[in-house]
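Here the structure comes first, spelled out in structure tokens, and everything after it is commentary.
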Amino acid sequence: MEVSATGGIDWLTGGVGELPAVCLKTLTLSLTAWAGLRLAPRRALAEMRIFDLVVIIATGAIVGRTATASDASFLVGAAALVTLLAAHIVTARLRFAPRVARLLDHPVRVLVVDGAVDRGQLRAAQLTEGDLYEALRERGVHNLAGIRYVIYESKGGLTVVSDDETTSEAGTTLPDV
């Protein structure tokens with residue numbers, strides 16, 4: 001290891017002259033990401049699906065890599081961000097096509113019907129009975145009696161429908177159950 005004239009700490013303080021450019025690039029990339037996410041449909045962050053998570057992680061990676069890389073300009077990072085966000089918007093819109101939605105989203109599964117656990121649906125959802133009971137206890141459900149349905153939603157959450165709330169005020173049930 002070579003010791004420099006500054007006492008051997010260049011690895012820690014080297015490149016001080018690059019700091020203003022790095023800070024400016026970080027700020028502009030963050031503003032670009034914020035603007036892109038703000039202009040995207042609201043559902044882009046309101047509903048976390050797998051492709052939403054991929055976009056969020058990739059956005060952070062692009063901002064982080066471009067901001068600190070001396071060989072990557074703001075324009076390169078901005079182009080990557082815009083491309084990523086455009087692909088996200090297109091993917092979100094393609095979900096309206098049933099075939100695409102089946103590829104992108106997990107199916108809704110009914111795990112409990114009239115207080116009885118459907119072990120086949122649990123297995124298909126890759127959940128154990130212990131996973132189900134833990135999630136139900138977290139929601140204040142300590143007994144399956146009086147439970148009409150437990151629905152495993154496509155985003156991974158559970159919806160618990162008790163016997164006394166199986167219909168809405170209009171008297172209709174929700175689709176996809």
Side-chain angles (χ1 to χ4, degrees), residues 26 28-67 72 74-114 116-141 144 147-163 165-177:
T26 302
T28 55
L29 283 167
S30 296
L31 290 173
T32 302
W34 174 81
L37 291 169
R38 178 68 178 91
L39 293 173
R42 183 176 292 242
R43 67 132 333 263
L45 295 178
E47 300 176 13
M48 286 290 285
R49 301 210 181 263
I50 293 171
F51 68 95
D52 297 319
L53 181 62
V54 168
V55 168
I56 289 170
I57 292 170
T59 297
I62 291 167
V63 171
R65 167 72 174 102
T66 306
F74 163 75
L75 191 57
V76 167
L81 281 172
V82 168
T83 302
L84 177 67
L85 295 173
H88 183 255
I89 291 168
V90 168
T91 303
R93 290 196 177 144
L94 285 173
R95 287 183 58 245
F96 288 104
R99 287 183 181 182
V100 176
R102 279 193 301 273
L103 288 173
L104 295 177
D105 297 333
H106 291 284
V108 172
R109 300 198 179 277
V110 181
L111 303 178
V112 175
V113 178
D114 294 325
V117 175
D118 185 332
R119 286 171 182 78
Q121 288 295 313
L122 273 178
R123 198 171 16 264
Q126 298 181 0
L127 296 172
T128 66
E129 282 189 61
D131 296 332
L132 173 64
Y133 297 147
E134 178 183 349
L136 290 172
R137 284 190 303 272
E138 289 173 355
R139 288 162 178 75
V141 176
L144 292 178
I147 299 298
R148 175 67 56 95
Y149 301 111
V150 175
I151 303 165
Y152 189 48
E153 303 290 355
S154 64
K155 295 184 296 179
L158 288 182
T159 299
V160 179
V161 180
S162 64
D163 283 335
E165 60 177 300
T166 57
T167 59
S168 69
E169 291 179 13
T172 60
T173 57
L174 296 173
D176 296 324
V177 185

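The first residue in the sequence is number 1, and the count goes up from there. Quantities reported herein were computed from a predicted structural model and do not represent experimental measurements.
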Residues at least two apart in sequence or cross-chain that pass side chain to side chain donor-acceptor pair (under 3.5 Å) with T83, listed by chain then number, are none

Rounding to 0.5 Å, atoms CG (D114) and CG (L144) come to a distance of 11.0 Å

ask   = Are V63 and L81 close enough that some pair of their side-chain heavy atoms sits under 4.5 Å apart?
value = yes

Rounded to the nearest 0.5 angstrom, the CG-CD1 distance for L84 and I62 is 5.0 Å

dist I89:CD1 -> L94:CG (nearest 0.5 Å) comes out at 12.0 Å

_Please evaluate residues L111 and L158 with respect to the criterion side-chain contact (heavy atoms from CB on, under 4.5 Å), reporting the C-alpha separation (whole Å), side-chain torsions for both, the decisive distance (0.1 Å), and the verdict._
CA-CA 9 Å; L111 303 178; L158 288 182; 3.9 Å; yes

On a heavy-atom basis, the closest approach of V55 and H88 is CG2-CD2, 3.2 Å

What one should report as the nearest heavy-atom pair of V108 and S154 is CG2-N, 4.1 Å

Looking only at heavy atoms, the pair that brings L29 and G77 closest together is CD2-C, 3.8 Å

Closest non-hydrogen atoms of A33 and L85, given as atom of the first, atom of the second and distance, are O-CD1, 4.3 Å

If we only count heavy atoms from C-beta on, is the Y149 to V113 side-chain gap below 4.5 Å?
yes

Taken to the nearest 0.5 Å, the spacing of E138 CD from E134 CD works out to 5.0 Å

Original post:
Counting N and O atoms only, with roles assigned by atom type, does the side chain of R139 sit under 3.5 Å from a partner on the main chain of A135, one being a donor and the other an acceptor?
Top reply: yes

Where do V112 and V117 land on the side-chain contact (heavy atoms from CB on, under 4.5 Å) test, with the steps shown first? CA-CA 4 Å; V112 175; V117 175; 4.2 Å; yes

Taken in chain and number order and not counting sequence neighbours, the residues that satisfy side-chain contact (heavy atoms from CB on, under 4.5 Å) with D131 are L127, T128

All heavy atoms of R95 vs all of A101, minimum pair found to be O-CB, 3.2 Å

In this structure, CG of L75 is separated from OG1 of T28 (nearest 0.5 Å) by 10.5 Å

d(L53 CG, I57 CD1) to nearest 0.5 Å is 4.0 Å

